[in-house]
Amino acid sequence: MSKQPRDDGNDPIPVLGLRPGRGLQVPYAASSNTSPAISSSVRVVTLFATTDCFIETGASSIAATTTTSHFLPASIPFDISLGAETDPSENDKYVAVIQSASAGTLFISERE
């Protein structure tokens with residue numbers, strides 16, 4: 001049975017729920033730090049950073065840099081896909097993060 005909420009016309013609203021107990025926190029500073037493994041069935045996560053930072057997704061060896069990684073501004077929730085595979089276990093399972101100018105915390109919410 002679908003967990004999607006429904007509107008007043010009983011039509012599904014396409015939104016992913018939060019996975020219970022799978023909110024991750026990753027402190028970051030001037031060196032790249034990598035998240036714990038994201039659950040194997042998860043294909044989408046929401047990221048929220050307390051300060052400007054740079055991120056990369058990939059395998060456990062992934063590292064973020066301030067020169068080639070993707071910029072994530074502070075205080076803006078951002079949904080990302082962990083890959084295009086129909087088998088979620090084939091998608092990225094880690095997020096690496098490094099500060100832009102000051103240390104902070106990256107919050108990762110697994111979505112289902």
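Positions are given from 1, in the same order as the sequence printed here. On a predicted model such as this, the values are computed, not experimentally measured, just so you know.
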Are [X] and [Y] linked, directly or through other ILVMFWY residues, by side chains that come within less than 4.5 angstrom of each other?
| X | Y | result |
| --- | --- | --- |
| Val44 | Phe78 | no |
| Val97 | Ile62 | no |
| Ile38 | Leu47 | yes |
| Val95 | Leu72 | yes |

[atom2] on [Y] to [atom1] on [X], rounded to 0.5 Å:
| X | Y | atom1 | atom2 | result |
| --- | --- | --- | --- | --- |
| Arg19 | Arg111 | CZ | CZ | 13.0 Å |
| Tyr94 | Ser60 | OH | OG | 5.0 Å |
| Gln25 | Ile108 | CD | CD1 | 10.0 Å |
| Thr57 | His70 | OG1 | NE2 | 7.0 Å |

- Take Arg43 and Ser81 through the side chain to side chain donor-acceptor pair (under 3.5 Å) test and state the conclusion after the steps. CA-CA 6 Å; Arg43 295 170 63 182; Ser81 168; over 6 Å; no
- Residue pair Phe54 / Ala64: nearest heavy atoms and the distance that separates them: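 Phe54 and Ala64 have their closest heavy atoms at O-CB, 3.7 Å.
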- Task: Identify the heavy atoms of Ile55 and Ser69 that sit nearest to each other, and give their distance.
- Result: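 For Ile55 and Ser69, the tightest heavy-atom pair comes out as O-CB, 3.4 Å.
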- Worked verdict on Thr66 versus Ile98 for side-chain contact (heavy atoms from CB on, under 4.5 Å): CA-CA 7 Å; Thr66 58; Ile98 191 170; 4.1 Å; yes
- Between Thr46, Leu82, Leu18, Leu24, which is the residue that forms a side chain to side chain contact (heavy atoms under 4.5 Å, CB included) with Glu110?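 Filter result, single survivor: Leu24.
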- Item | Exam field: side chain Ser32 to backbone Ala63, donor-acceptor pair closer than 3.5 Å |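 Such a contact is absent between Ser32 side chain and Ala63 backbone.
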- Message: I need the single residue from Asn33, Thr105, Thr51 that forms a side-chain hydrogen bond (donor to acceptor under 3.5 Å, both in side chains) with Tyr28. Which is it?
- Response: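 Per the side-chain hydrogen bond (donor to acceptor under 3.5 Å, both in side chains) rule, the option paired with Tyr28 is Thr51, out of Asn33, Thr105, Thr51.
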- When you look at Arg22 and Ser39, which way does the side chain to side chain donor-acceptor pair (under 3.5 Å) test go after all the steps? CA-CA 8 Å; Arg22 292 302 298 170; Ser39 299; 3.2 Å; yes
- Task: Applying side-chain contact (heavy atoms from CB on, under 4.5 Å), run through Glu112 and Val42 and close with a yes or a no.
- Result: CA-CA 7 Å; Glu112 60 180 5; Val42 171; 5.8 Å; no
- Item | Side-chain touch Ser61/Thr34, heavy atoms, less than 4.5 angstrom |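 Not touching, per the 4.5 Å side-chain cut-off.
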- Query: Can you tell if the side chain of Phe107 reaches within under 4.5 Å of the side chain of Thr50, non-hydrogen atoms only?
  - Reply: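 Sidechains of Thr50 and Phe107: in contact.
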- Verify side-chain contact (heavy atoms from CB on, under 4.5 Å) between Phe71 and Asp52, making sure each step is shown before the conclusion. CA-CA 7 Å; Phe71 180 73; Asp52 291 349; 3.6 Å; yes
